Asks: 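This is the structure, below, for whatever I ask next.
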Protein chains: 2
Amino acid sequence: MLGECKALANETRLRVLEWLKDPERHFPESAGEAAELGVCVGLIQQKAGTSASTMSAHLAVLQRAGFLLATRRGQWTYYRRDDDRIRAFAERLHRDL
Amino acid sequence: MLGECKALANETRLRVLEWLKDPERHFPESAGEAAELGVCVGLIQQKAGTSASTMSAHLAVLQRAGFLLATRRGQWTYYRRDDDRIRAFAERLHRDL
DNA sequence: TCGCCATTTCGCTAATTAACGAAATTACTC
DNA sequence: GAGTAATTTCGTTAATTAGCGAAATGGCGA
């Protein structure tokens with residue numbers, strides 16, 4: 001609960017979660033192949049306007065909180081939403097908050 | 001959204017919200033009279049083990065986020081949950097997150 | 001009015017979080 | 001195996017948040 005809330009308590013991380021709801025729309029460069037794998041760090045970092053290392057840390061926080069899934073494919077790491085766990089968290093909040 | 005999440009991103013504040021779900025149980029000293037008004041700062045502060053000023057700041061954060069309602073009665077300020085707005089927030093999170 | 005009590009505000013210090021660039025790591029490509 | 005590109009880790013600095021005690025405020029009651 002605390003970890004999840006802390007993960008959401010940051011502008012940049014909220015925006016990333018939002019973008020990943022519709023990757024096609026927010027990352028048109030990322031077309032085709034890796035659509036269901038998610039979006040690679042470089043593109044997210046570029047769109048957010050942060051350094052690569054900063055974005056890497058943000059994505060790690062979101063992953064540890066259970067909101068994102070990461071898949072390493074060669075030299076790229078693709079991130080996508082873990083909608084099941086996001087929904088589960090929202091429901092737990094609705095029950096317990 | 002950000003403000004609400006930040007408000008929840010703190011152990012002490014989460015515990016206060018939890019306690020106020022059942023004031024009778026968690027604040028038996030506060031019996032009777034002011035039951036529906038809520039619980040005064042002093043009792044909450046004492047239970048949490050913080051200074052009065054620290055708790056005052058936490059309660060202000062929760063109030064600004066819309067999770068608590070405050071009623072000043074004489075020299076006491078009583079806090080209680082704003083369950084309507086808490087529920088509304090949980091639902092918005094369920095929709096938008 | 002005076003003094004007291006609960007609460008809030010102020011000024012400050014410590015802890016946590018965010019950010020960067022440089023260096024290290026990982027994994028293709030040649 | 002060497003070179004290259006993407007990502008992560010490391011070390012550091014800046015910004016935000018949490019905490020306290022002391023002082024100020026607001027309101028009761030003698």
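It should be emphasised that the depicted structure is a prediction, and the values quoted were computed from it without experimental measurement.
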Asks: Rounding to an integer number of Å, can you tell me how far Tyr78(B) OH sits from dC5(C) C1'?
Replies: 13 Å
Asks: Taking Glu18(B) first and then Arg15(B), would you say they form a salt bridge - that is, a charged N and a carboxylate O separated by under 4.0 Å?
Replies: no
Asks: Would you mind reporting whether Leu8(B) and Phe67(B) have side-chain heavy atoms less than 4.5 Å apart?
Replies: yes
Asks: Is it true that Thr54(B) and Ser51(B) share a donor-acceptor pair across their side chains at a distance under 3.5 Å?
Replies: yes
Asks: Measure the distance from CD on Glu11(A) to P on dT16(D) and round it to the nearest whole Å.
Replies: 13 Å
Asks: First locate atom OG1 of Thr71(B), then atom CG of Leu37(B), and finally report the distance between them rounded to the nearest 0.5 Å.
Replies: 5.5 Å
Asks: Could you state the CG-C1' distance from Asn10(A) to dA15(D), rounded to the nearest angstrom?
Replies: 12 Å
Asks: Check whether any side-chain heavy atom of Val39(A) lies under 4.5 Å from a side-chain heavy atom of Arg80(A), and answer yes or no.
Replies: no
Asks: How long is the line joining NZ of Lys6(A) and C1' of dA15(C), in whole Å?
Replies: 10 Å
Asks: Taking atom P of dT7(D) as reference, at what distance in whole Å does atom CG of Leu37(A) sit?
Replies: 13 Å
Asks: Going by number, which of residues 58-75 of chain B have a non-hydrogen atom under 4.0 Å from DNA chain D?
Replies: His58(B), Gly74(B), Gln75(B)
Asks: Pick the closest DNA chain C nucleotide for Met55(A) and for Tyr79(B) by heavy atoms, then say which residue is nearer the 5' end.
Replies: Tyr79(B)
Asks: When the side chains of residues 86-97 of chain A are checked against the rest of the protein, which donor-acceptor pairs come out under 3.5 Å, sequence neighbours left out?
Replies:
residue, atom, partner, partner atom, Å
Glu91(A), OE2, His94(B), NE2, 3.4
Arg92(A), NH2, Glu4(A), OE2, 2.9
His94(A), NE2, Glu91(B), OE2, 3.4

Asks: Tell me the interatomic distance from Trp76(B), atom CH2, to dT8(C), atom P, rounded to whole angstroms.
Replies: 14 Å
Asks: Go through residues 40-54 of chain A and report each residue with a non-hydrogen atom lying under 4.0 Å from DNA chain C, sorted by number.
Replies: Thr50(A), Ser51(A), Ser53(A), Thr54(A)
Asks: Quick one: are Phe27(B) and Ile44(B) in side-chain contact, heavy atoms under 4.5 Å?
Replies: yes
Asks: Quick one, Arg81(A) and Leu68(A) - any side-chain contact, counting heavy atoms below 4.5 Å?
Replies: yes
